[in-house]
S.K.: 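This structure is in structure tokens; I'll ask about it shortly.
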Amino acid sequence: MDDGLTQDQQALLDRARAVAEAAAAQAAETDRTEQYPWPMVARMRDAGLMGLTIPREWGGPGLTYFDAALVIEELSKACAVCGRIAVESNMGALGAIMAYGTAAQKRIAADLVLAGDKPAICITEPGAGSAATEMATRADRRGDGWVINGEKHWITGGGISRLHLIFARAFEDGRELGIGGFLVVRSGERDPAGLVIHRRIPSMGLKGMPEAEIRFRDLRVADDMLLAPPGGFARGFGKLMDAYNGQRVGAATVALGLGAGAYERALDFARTRHQFGRPIAEFQGLGWMLADMSIRLEASRALVWRAARSAGPNGFPDRLAAAQAKVMAADAAIEVTNAALQVWGAAGYSRENPMERILRDARMFAIAGGTAQVLRTQVAEQILGRKLPQTRDGFLRQAAADAGRLAAD
Ligand SMILES: CC(C)(COP(=O)(O)OP(=O)(O)OC[C@H]1O[C@@H](n2cnc3c(N)ncnc32)[C@H](O)[C@@H]1OP(=O)(O)O)[C@@H](O)C(=O)NCCC(=O)NCCSC(=O)CCS(=O)O
Ligand SMILES: Cc1cc2nc3c(=O)[nH]c(=O)nc-3n(C[C@H](O)[C@H](O)[C@H](O)COP(=O)(O)OP(=O)(O)OC[C@H]3O[C@@H](n4cnc5c(N)ncnc54)[C@H](O)[C@@H]3O)c2cc1C
């Protein structure tokens with residue numbers, strides 16, 4: 001659905017569709033070989049689809065999150081690995097650096113991404129997934145820099161990404177300052193001493209995209225590679241998560257694209273496959289499945305577009321809108337891709353057809369980038385206008401404070 005788009009956005013979509021054709025042609029092979037699709041990266045870069053959100057002064061076209069979302073959906077219909085590359089080369093770490101970075105940091109990030117790098121964002125740890133604020137990775141102030149120790153896992157692009165945004169708990173003179181972001185670049189020849197891509201984690205879907213465990217062992221980061229949002233370390237995590245709302249919209253868009261791609265394939269199949277002497281599309285049981293798929297997708301697209309458009313100039317998508325879009329699109333992607341496979345019958349279950357790959361690829365979005373459960377809590381917090389503590393002591397402290405307020409009233 002291209003309604004309400006400007007001529008420039010239509011032209012951008014056409015450009016994305018041309019690249020998506022090539023993406024579709026290699027998607028099965030990328031899934032089979034589990035190799036990062038470097039030839040597609042070159043095509044995306046050459047078509048100007050990486051770094052769309054980089055402002056003109058840093059060499060990008062200065063487009064919006066919404067423009068990027070249009071591209072991401074189109075690519076994801078064809079190849080979700082390519083869609084995810086487009087997410088991280090337009091949102092996530094890149095968005096944080098373009099908002100909070102120094103001129104030198106923006107130069108580094110823009111040059112890398114426009115040359116084809118997909119930055120990695122390193123938040124999750126074995127002991128801190130949903131509870132990301134419980135991360136143990138630490139950055140200790142030493143001389144004119146920082147020394148990082150700890151480990152992260154499920155880092156998308158670990159081993160292929162050059163630019164890394166590492167979230168770590170900062171300490172100076174033994175005192176904790178808060179959580180900050182530290183930028184580290186792998187040169188492509190030799191990894192920085194202390195940054196160890198420990199192993200690739202085998203995953204269910206999106207197999208062309210490596211997910212890695214990364215260890216930091218006395219990794220030195222110079223002061224000028226500290227990403228410092230306004231408000232300092234005390235507000236560091238919150239401000240970095242504010243930027244991360246962009247990536248949540250990106251992930252929601254990949255989920256939307258996967259669902260939309262599956263739906264289009266299901267429609268085609270339902271029209272052409274005959275049983276009982278009729279196209280299977282004539283059976284009401286299938287017609288209603290297709291109807292539900294279209295409803296879920298239109299609802300997802302409406303929320304994704306709204307969230308992507310909520311980003312002001314130099315700002316990020318709204319936190320509530322991003323969470324709502326991601327919950328909706330992630331849940332819908334699982335339902336729609338599963339129903340689409342059902343429409344294909346046994347042919348959908350075969351690895352000779354794309355449906356089973358698309359179903360596997362769709363499963364991640366209710367987990368990564370904030371699970372469906374955690375994001376529902378975030379939505380509840382925003383609509384209720386109050387913090388809903390998830391730790392036991394946080395809950396008890398809030399209950400005590402509420403009791404105190406009631407007594408005072
Ligand atoms: C935020 C959580 C980790 C919950 O932890 P807490 O209860 O300890 O934290 P809060 O008090 O809720 O928040 C701390 C701080 O951050 C601000 N915040 C939190 N979320 C947002 C947001 N979305 N937008 C803006 N600001 C945010 C909050 O206001 C507080 O700020 P102040 O301290 O008051 O200044 C948990 O809810 C959570 O989000 N868990 C999910 C973790 C997650 O999403 N990880 C993603 C890892 S990267 C990834 O998966 C990539 C996948 S992909 O390829 O796209
Ligand atoms: C494919 C993929 C790519 C990823 N890429 C990245 C990346 O690039 N960078 C990065 O930093 N991380 C990445 N992640 C990690 C991802 O962000 C985490 O998996 C996610 O935040 C959940 O953490 P967890 O897996 O440890 O689950 P847990 O937090 O252990 O949760 C387990 C279960 O408990 C539920 N749960 C936990 N807390 C609550 C609560 N308070 N209320 C209700 N239910 C709760 C969860 O919803 C889930 O069902 C990726 C993950 C995947 C699968």
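Remember, it's 1-based here, ligands and their atoms both numbered in the order they're listed. The model shown is predicted, which means the values in this text are computed figures rather than measured ones.
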S.K.: In plain terms, say whether D191 and R186 are close enough for a salt bridge, that is, a side-chain N and a carboxylate O under 4.0 Å apart.
M.R.: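 Yes, this pair counts.
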S.K.: Could you check whether E29 and T33, counting side-chain N and O atoms only, form a donor-acceptor pair closer than 3.5 Å?
M.R.: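 The answer is no; no qualifying pair exists.
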S.K.: By the ring-ring contact (aromatic ring centres under 6.0 Å, His included) test, which pairs, at least two apart or in different chains, include something from residues 201-233?
M.R.: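 Only W146-F233 qualify under ring-ring contact (aromatic ring centres under 6.0 Å, His included).
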S.K.: What do we get for Y244 next to ligand 1 when only non-hydrogen atoms under 4.0 Å count, side chain, backbone, both or neither?
M.R.: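 Looking at Y244 and ligand 1, just side chain atoms fall under 4.0 Å.
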S.K.: Given G129, G231, P317, identify the one with the heavy atom nearest to atom 42 (C) of ligand 1.
M.R.: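 Looking at heavy atoms only, G129 sits closest to atom 42 (C) of ligand 1.
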S.K.: Provide, to 0.1 Å, the distance between atom 32 (P) of ligand 1 and the closest protein heavy atom, together with that atom's residue and name.
M.R.: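 Checked against all protein heavy atoms, atom 32 (P) of ligand 1 sits closest to R235 NH2, 3.7 Å.
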S.K.: Which of these, E381, Q373, Q247, has its nearest heavy atom closest to atom 53 (S) of ligand 1?
M.R.: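 Heavy atom nearest to atom 53 (S) of ligand 1 belongs to Q247.
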S.K.: Name the orientation class of the two ring planes belonging to F316 and Y65 (parallel below 30°, tilted from 30 to 60°, perpendicular beyond 60°).
M.R.: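 Geometry flag for Y65 against F316: perpendicular rings.
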S.K.: Is the closest basic N to carboxylate O distance between E213 and K152 below 4.0 Å?
M.R.: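 No, no charged N to carboxylate O under 4.0 Å.
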S.K.: How would you list all residue pairs meeting salt bridge (Lys or Arg N to Asp or Glu O under 4.0 Å) that involve residues 359-381, not counting sequence neighbours?
M.R.: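 Output for this query lists D31-R360, D331-R376, E356-R360, E381-K387.
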S.K.: Say whether E134 and ligand 1 are in contact under the criterion: heavy-atom distance to a ligand atom below 4.0 Å.
M.R.: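 E134 does not count as a contact of ligand 1 under the 4.0 Å cut-off.
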S.K.: Give the atoms of ligand 1, by number and element, whose distance to some non-hydrogen atom of R84 is under 4.0 Å.
M.R.: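 Checking each atom against R84, I get 53 (S), 54 (O).
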S.K.: What is the closest protein heavy atom to atom 45 (N) of ligand 1, and at what distance does it sit?
M.R.: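 Here the closest protein heavy atom is G370 N, 4.3 Å.
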S.K.: Looking only at atom types and distance, does a side-chain atom of N90 sit under 3.5 Å from a main-chain N or O of L49, one as donor and one as acceptor?
M.R.: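 Looks like yes, one N/O pair under 3.5 Å.
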S.K.: Any atoms of ligand 1 less than 4.0 Å from a non-hydrogen atom of V374? List them with their elements.
M.R.: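 Checking each atom against V374, I get 36 (C), 37 (O), 38 (C), 40 (N).
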S.K.: Who passes salt bridge (charged side-chain N to carboxylate O under 4.0 Å, His left out) against D218, sequence neighbours left out?
M.R.: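 In terms of salt bridge (charged side-chain N to carboxylate O under 4.0 Å, His left out), with neighbours along the sequence ignored, D218 is linked to no residue.
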S.K.: When you check ligand 2 against the protein, what N or O pairs turn up below 3.5 Å? List the atom names and distances, or just say none.
M.R.:
| residue | atom | partner | partner atom | Å |
| --- | --- | --- | --- | --- |
| ligand 2 | 5 (N) | W154 | O | 2.9 |
| ligand 2 | 5 (N) | T156 | OG1 | 2.8 |
| ligand 2 | 8 (O) | T156 | N | 3.0 |
| ligand 2 | 8 (O) | T156 | OG1 | 3.2 |
| ligand 2 | 9 (N) | I121 | O | 2.8 |
| ligand 2 | 11 (O) | I123 | N | 2.8 |
| ligand 2 | 11 (O) | T124 | N | 2.8 |
| ligand 2 | 11 (O) | T124 | OG1 | 3.1 |
| ligand 2 | 12 (N) | T124 | OG1 | 2.7 |
| ligand 2 | 14 (N) | W154 | O | 3.4 |
| ligand 2 | 17 (O) | T124 | OG1 | 3.4 |
| ligand 2 | 23 (O) | S130 | N | 3.4 |
| ligand 2 | 29 (O) | S130 | N | 2.9 |
| ligand 2 | 29 (O) | S130 | OG | 2.6 |
| ligand 2 | 41 (N) | Q390 | OE1 | 2.8 |
| ligand 2 | 47 (O) | T371 | OG1 | 2.7 |
| ligand 2 | 47 (O) | Q373 | OE1 | 2.6 |
| ligand 2 | 49 (O) | Q373 | OE1 | 3.4 |

S.K.: Taking non-hydrogen atoms only, is Q378 closer than 4.0 angstrom to ligand 1 via side chain, backbone, both or neither?
M.R.: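 Side chain only.
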S.K.: A quick test of your reading: do over 12 heavy atoms of other residues, nucleotides or ligands sit less than 6.0 Å from CZ of R199?
M.R.: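 Atom CZ in R199 is crowded, with more than 12 foreign heavy atoms closer than 6.0 Å.
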S.K.: Just to confirm my output: which protein heavy-atom neighbour is closest to atom 14 (C) of ligand 1, and how far is it?
M.R.: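 Answer, as residue, atom name and distance: F237 CD2, 3.8 Å.
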S.K.: For F316 and ligand 1, answer yes if some heavy atom of the residue is under 4.0 Å from a ligand atom, otherwise no.
M.R.: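 It does not, in that no heavy atom of F316 comes within the 4.0 Å cut-off of ligand 1.
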S.K.: Considering heavy atoms of the protein only, find what lies nearest to atom 4 (C) of ligand 1 and give residue, atom and distance to 0.1 Å.
M.R.: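 Looking only at protein heavy atoms, the one closest to atom 4 (C) of ligand 1 is S130 O, 4.5 Å.
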S.K.: Could you walk me through whether T156 and R84 pass side-chain contact (heavy atoms from CB on, under 4.5 Å), step by step?
M.R.: CA-CA 9 Å; T156 299; R84 290 186 75 209; 2.9 Å; yes
S.K.: Could you tell me the residue and atom name of the protein heavy atom closest to atom 6 (P) of ligand 1, and the distance to it rounded to 0.1 Å?
M.R.: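 Here the closest protein heavy atom is T133 OG1, 3.6 Å.
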S.K.: One thing to verify: whether E211 and R200 come together as a salt bridge, which I'm taking to mean a side-chain N less than 4.0 angstrom from a carboxylate O.
M.R.: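 Answer for the salt bridge query: no.
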S.K.: Could you list which atoms of ligand 1 come closer than 4.0 Å to a heavy atom of A132?
M.R.: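 Near A132, the atoms of ligand 1 are 3 (C).
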S.K.: Regarding D8 and T6, do their side chains bring together a donor and an acceptor under 3.5 Å, going by distance alone?
M.R.: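 The criterion, which ignores hydrogens and geometry beyond distance, is not satisfied for T6 and D8.
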S.K.: Do me a favour and list the nearest non-hydrogen protein atom to atom 18 (N) of ligand 1 with residue, atom name and distance?
M.R.: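 Minimum-distance protein heavy atom for atom 18 (N) of ligand 1 reads R319 NH2, 3.6 Å.
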S.K.: Should R405 and D402 count as an ion pair when the cut-off is N to O under 4.0 Å?
M.R.: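 Judged by the 4.0 Å cut-off on N to carboxylate O distance, R405 and D402 do form a salt bridge.
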S.K.: With a sphere of 6.0 Å drawn around CG of D173, does it hold more than 12 non-hydrogen atoms of other residues, nucleotides or ligands?
M.R.: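 Atom CG in D173 is not packed in, count stays at 12 or less.
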S.K.: Considering only heavy atoms, does L375 approach ligand 1 within less than 4.0 Å through its side chain, its backbone, both, or neither?
M.R.: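 Looking at L375 and ligand 1, no heavy atom falls under 4.0 Å.
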S.K.: Which is it for I123 and ligand 1 at heavy atoms under 4.0 Å: side chain, backbone, both or neither?
M.R.: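 For I123, only side-chain atoms sit under 4.0 Å from ligand 1.
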S.K.: Give a yes or no on whether a salt bridge exists between R45 and D117, defined as a side-chain N under 4.0 angstrom from a carboxylate O.
M.R.: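 No salt bridge links R45 with D117.
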S.K.: Quick one: which ligand 1 atoms are inside 4.0 Å of a heavy atom on N245?
M.R.: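 Near N245, the atoms of ligand 1 are 22 (C), 23 (N), 24 (N), 25 (C).
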S.K.: Return the residue, atom name and 0.1 Å-rounded distance of the protein heavy atom closest to atom 30 (C) of ligand 1.
M.R.: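 Checked against all protein heavy atoms, atom 30 (C) of ligand 1 sits closest to G238 CA, 4.5 Å.
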S.K.: Applying a 4.0 Å heavy-atom criterion (strictly less than), which segment of R248 is in contact with ligand 1: side chain, backbone, both, or neither?
M.R.: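 For R248, the contact with ligand 1 is made by the side chain alone.
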S.K.: Considering heavy atoms of the protein only, find what lies nearest to atom 10 (P) of ligand 1 and give residue, atom and distance to 0.1 Å.
M.R.: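 I find the closest protein heavy atom is K387 NZ, 3.3 Å.
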S.K.: Is the contact between K239 and ligand 1 made by the side chain, the backbone, both, or neither, using heavy atoms and a 4.0 Å cut-off?
M.R.: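 No part of K239 is near ligand 1 at this cut-off.
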S.K.: May I ask you to check if ligand 1 and G369 share an N or O to N or O distance below 3.5 Å?
M.R.: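 Indeed, backbone or side chain, G369 has an N or O that close.
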S.K.: Do R217 and E151 sit within salt-bridge range, that is, some charged N less than 4.0 Å from a carboxylate O?
M.R.: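 A salt bridge is present here (some side-chain N lies under 4.0 Å from a carboxylate O).
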S.K.: Is K326 reaching over with its side chain to a backbone N or O of Q247, donor-acceptor style, under 3.5 angstrom?
M.R.: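 No; zero donor-acceptor contacts below 3.5 Å.
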S.K.: Examine the proximity of ligand 1 to T124 and report which part, side chain or backbone, both or neither, has a heavy atom under 4.0 Å away.
M.R.: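 The answer is the side chain.
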S.K.: Does atom CZ of R309 have more than 12 heavy-atom neighbours from other groups under 6.0 Å away?
M.R.: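 Atom CZ in R309 is crowded, with more than 12 foreign heavy atoms closer than 6.0 Å.
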